[in-house]
Amino acid sequence: MEPATFAVALGGAVLYAGMTVGSTLVVGRVTDQVVAPAFRRGDVPAGALAATALVIVAVAAAKALGIVLRRSAGSAMALRLHATHRRALARQYLRLPLAWHRRHPTGELLSTVNADVEAAFAPIYPLPFACGVLLLLAIAMGVLLTIDPPLALVGVVLWPALAVVNTWYNRRSQGPAGRAQELRGRVSAIAHESVDGALVVKTLGREADEAERLRAASERLRDELVELGRIRSVSDPLTEALPALATLVVLVVGALRVGAGAMSLGDLVTVAYLFTLLAFPVRMIGFLLAELPRSVVGWERMTGVLGARADTAFSGRAALDGSGPARVDLRGVTFRHGDHEVLRDVDLDIAPGRTVALVGPTGAGKSTLAALLVRLSDPDAGAVHLDGVDLRDVAPAEVARHTALAFQEAFLFDDTVRGNVTLGEPFPDEEVVRACRLAQADAFVRDLPDGYDTLVGERGASLSGGQRQRLALARALVRRPRLLVLDDATSSVDPSVEAAILGGLRDADLPTTLVVVAYRRATIGLADEVVFLDGGGVRARGTHAALLARLPAYAALVSAYETEGAVPAEADR
């Protein structure tokens, strides 16, 4: 939190409260000692007029200082809290595994880091003012009791009446405010999904359907906001009318008491002016309370993300000291997606420096196994070891330093070729070029308008699918991982280029154990060993030729892929 900044804001609010009451006392005293005598005598002494002006200016200056301190410190406090919690959410998004992200749409996550954070801290800005107003009300009640106890009863009735109105508003608005906050995330998710899938939407002519989906969610959000507005349309006028009504009562009752000689004209002016000045501060309390329902919902959604503990708890601190190719061991690994068991009691060991191809039908668990090897997920049972160390015991930065995974869907940032390979790390140019050569990307990169300094566009839009895959592979290779996992990462390149890539990786001086999710016969044939996955387990392992000879299911699968000449579109789980 921001205790020092809040203290400054609260100090400004207290100064403002004190000067607000002080200004009413000054006006009352001026009325009794300057204005009323002036009417009786017909003139105003110059000294009294100068002194009056000086006092009024001093009080106004102090009040203005209080406003400046309150607003500047309050704004700084709110903005710092926004920044702190947005950074915390961003770090949490990076910590949480892909399994958690798959359950939460991107638009919803963006809404949380934006709208929910703003909603959660919406009451923070007016909070110092509201605290100062409470002090102001206490001082005002003391002044009212000192001046005239019967008129103080008006204040005694006013404050509870305002509290009743605000309590009613909070109870009625909590439901619509919560639903509206959730729908903001839903609308954001639909919009993001539609824009992200613009190519699919346009080519399949689904614009009208996507527009209808967004319209339905937007109208539900509109209805909740309208309902919230209806409730506020009752609360806000009452909150504003009650102080004005109290002022009117004070003037009527006070005029009668002045006529009866029970109080002076200055006292009546003080009380009436005090009630007039209290109208805005009291509305600020109403504004603070009105923001609470939305704030509670935003806070719950934000802390729900910050407190998320998905299937990967990054608690390890161990380091990996090896420098050569990594040794991989899986013992009794079981992994579930919901109620579906994707992998079951998998035992697998991969010797350092070997090239292993994972082959199997769609849904066999190849991509899931690839994700487990680099700890994008943790197994529900069993363990994955790297150099004999359980990955759950290894520090996250260590896992990233020793392993790399290249996906079928290569994501490129709107940056240069060099920026997409290095991702901001200080790799020398010669290492970037060497990685691109291994990925068979250097030739086409040099043909680009600005070579390695060419901007590739959003998601690499200016490049072909195969070119994007090769740059994504170079991004992994430049880090010289000890375990490199390719999840069908060369499916969009020509078979001859793919063979050149895999052959180059085998012959290169890299400290790498290579695991490849493969479909093409040529790719599989380059592996030292093939692991055939089926039904959630390792059905067989051996060389490509041996499996072809003794396992009909394997031979049929590889032949089917070869005949169709295409990679299955559905991603393995």
Trainee: Could you work out, with side chain to side chain donor-acceptor pair (under 3.5 Å) as the rule, every residue matching Asp209, not counting sequence neighbours?
Mentor: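 Asp209 satisfies side chain to side chain donor-acceptor pair (under 3.5 Å) with Arg206 only.
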Trainee: Any donor and acceptor pair, going by atom type alone, linking the side chain of Thr513 with main-chain N or O of Ala326 inside 3.5 Å?
Mentor: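 Yes: the side chain of Thr513 pairs with the backbone of Ala326.
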Trainee: What's the separation between atom CZ in Arg475 and atom SG in Cys436, rounded to the nearest 0.5 Å?
Mentor: 11.0 Å
Trainee: I need the minimum non-hydrogen distance between Leu221 and Ala180, along with the two atoms involved.
Mentor: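 Result for this residue pair: CD1-O, 3.4 Å.
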Trainee: If I take atom CG from residue Leu127 and atom CZ from residue Phe6, how far apart are they, to the nearest 0.5 angstrom?
Mentor: 4.5 Å
Trainee: Going through the checks in order, is the salt bridge (Lys or Arg N to Asp or Glu O under 4.0 Å) test met by Glu118 and Arg86?
Mentor: CA-CA 10 Å; Glu118 289 184 0; Arg86 280 174 176 149; 3.4 Å; yes
Trainee: To the nearest 0.5 Å, tell me how far Arg480 CZ sits from Phe427 CZ.
Mentor: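 Reported to 0.5 Å precision, the distance equals 10.5 Å.
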Trainee: Taking side chain as C-beta onward, heavy atoms only, is Arg470 less than 4.5 Å from Ile501?
Mentor: yes
Trainee: Can you tell me if Arg220 has over 12 outside heavy atoms packed within less than 6.0 Å of its CZ?
Mentor: no
Trainee: Once rounded to the nearest 0.5 Å, what's the spacing between atom CZ of Arg418 and atom CG of Leu471?
Mentor: 12.0 Å
Trainee: To the closest 0.5 Å, what do you measure between CG (Leu109) and CG (Asn114)?
Mentor: 12.5 Å
Trainee: With sequence neighbours excluded, tell me which residues meet side chain to side chain donor-acceptor pair (under 3.5 Å) with Arg437.
Mentor: none
Trainee: Taking side chain to side chain donor-acceptor pair (under 3.5 Å) as the definition, give me every residue that meets it alongside Arg222, ordered by chain and number, with sequence neighbours left out.
Mentor: none
Trainee: I would like to know whether Arg375 and Val384 meet side chain to side chain contact (heavy atoms under 4.5 Å, CB included); could you show each step before the answer?
Mentor: CA-CA 9 Å; Arg375 212 195 169 199; Val384 179; over 6 Å; no
Trainee: Would you indicate whether the side-chain heavy atoms of Asp380 and Glu341 approach each other to under 4.5 Å?
Mentor: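 Of all side-chain heavy-atom pairs linking Asp380 with Glu341, none is under 4.5 Å.
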Trainee: Using every non-hydrogen atom in the two residues, find where Arg301 and Asp116 come nearest and quote the distance to one decimal.
Mentor: NE-OD2, 2.7 Å
Trainee: Would you check if Leu486 and Leu473 make a side-chain contact, meaning some heavy-atom pair closer than 4.5 Å?
Mentor: yes
Trainee: Restricting to non-hydrogen atoms, name the atom on Leu306 and the atom on Gln92 that form the minimum distance, rounded to 0.1 Å.
Mentor: O-NE2, 3.2 Å
Trainee: Specify whether His85 and Phe121 have parallel, tilted or perpendicular ring planes, treating 30° as the upper limit for parallel and 60° as the lower limit for perpendicular.
Mentor: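 His85 and Phe121: tilted rings.
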Trainee: Assess the side chains of Asn420 and Tyr452: does a donor N or O sit below 3.5 Å from an acceptor N or O?
Mentor: no
Trainee: If every non-hydrogen atom of Asp453 is compared with every non-hydrogen atom of Thr416, which pair is closest and at what distance?
Mentor: O-CG2, 3.5 Å
Trainee: Do Arg434 and Glu431 meet the salt-bridge criterion of a basic N to acidic O distance under 4.0 Å?
Mentor: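 Looking at Arg434 together with Glu431, the answer is no, because their closest N to O distance does not fall below 4.0 Å.
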Trainee: Within a strict 4.5 Å, meaning less than it, do heavy atoms of the Leu330 and Leu373 side chains meet?
Mentor: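 When only atoms from C-beta onward are counted, Leu373 and Leu330 do touch, with a gap below 4.5 Å.
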Trainee: Side chains of Asp345 and Thr334, heavy atoms from C-beta outward: is any pair under 4.5 Å?
Mentor: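 Of all side-chain heavy-atom pairs linking Thr334 with Asp345, at least one is under 4.5 Å.
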Trainee: Could you grab the distance from atom CZ of Phe532 to atom CG of Leu551, nearest 0.5 Å is fine?
Mentor: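 If we round to the nearest 0.5 Å, Phe532:CZ and Leu551:CG are 5.5 Å apart.
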Trainee: Determine whether Leu386 and Val399 make a side-chain contact, defined as any pair of heavy atoms from C-beta on separated by less than 4.5 Å.
Mentor: no
Trainee: What I'd like to find out is whether the side chain of Leu348 reaches to under 4.5 Å of the side chain of Leu369, using heavy atoms alone.
Mentor: yes
Trainee: Please step through salt bridge (Lys or Arg N to Asp or Glu O under 4.0 Å) for the pair Arg215 and Glu212, ending with a clear verdict.
Mentor: CA-CA 5 Å; Arg215 183 196 63 78; Glu212 173 61 23; 2.3 Å; yes
Trainee: Side-chain contact test, heavy atoms from C-beta onward, threshold under 4.5 Å: evaluate it for Leu423 versus Phe413 and give yes or no.
Mentor: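 Answer yes - side chains close enough.
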Trainee: If I compare all heavy atoms of Gly298 with all of Ala120, which pair ends up nearest, and what's the gap?
Mentor: C-CB, 3.9 Å
Trainee: Using the rule given for side chain to side chain contact (heavy atoms under 4.5 Å, CB included), can you reason through Tyr554 versus Asp534, listing the C-alpha separation, both sets of side-chain angles and the distance that settles it, and then say yes or no?
Mentor: CA-CA 10 Å; Tyr554 174 79; Asp534 195 10; over 6 Å; no
Trainee: Backbone N or O of Val456 within a donor-acceptor pair of the Ser462 side chain at under 3.5 Å?
Mentor: yes
Trainee: Can you tell me if Lys366 uses its side chain to pair, donor with acceptor, with the backbone of Leu533 under 3.5 Å?
Mentor: no
Trainee: Which heavy atom in Arg479 sits nearest to a heavy atom in Thr422, and how many Å separate them?
Mentor: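 The answer is NH2-O, 2.7 Å.
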Trainee: Let me see the working for Leu391 and Leu372 under side chain to side chain contact (heavy atoms under 4.5 Å, CB included), right down to the final yes or no.
Mentor: CA-CA 9 Å; Leu391 283 182; Leu372 291 172; over 6 Å; no
Trainee: Test side chain to side chain contact (heavy atoms under 4.5 Å, CB included) on Leu81 and Val117; report intermediate values, then the result.
Mentor: CA-CA 9 Å; Leu81 288 172; Val117 170; over 6 Å; no
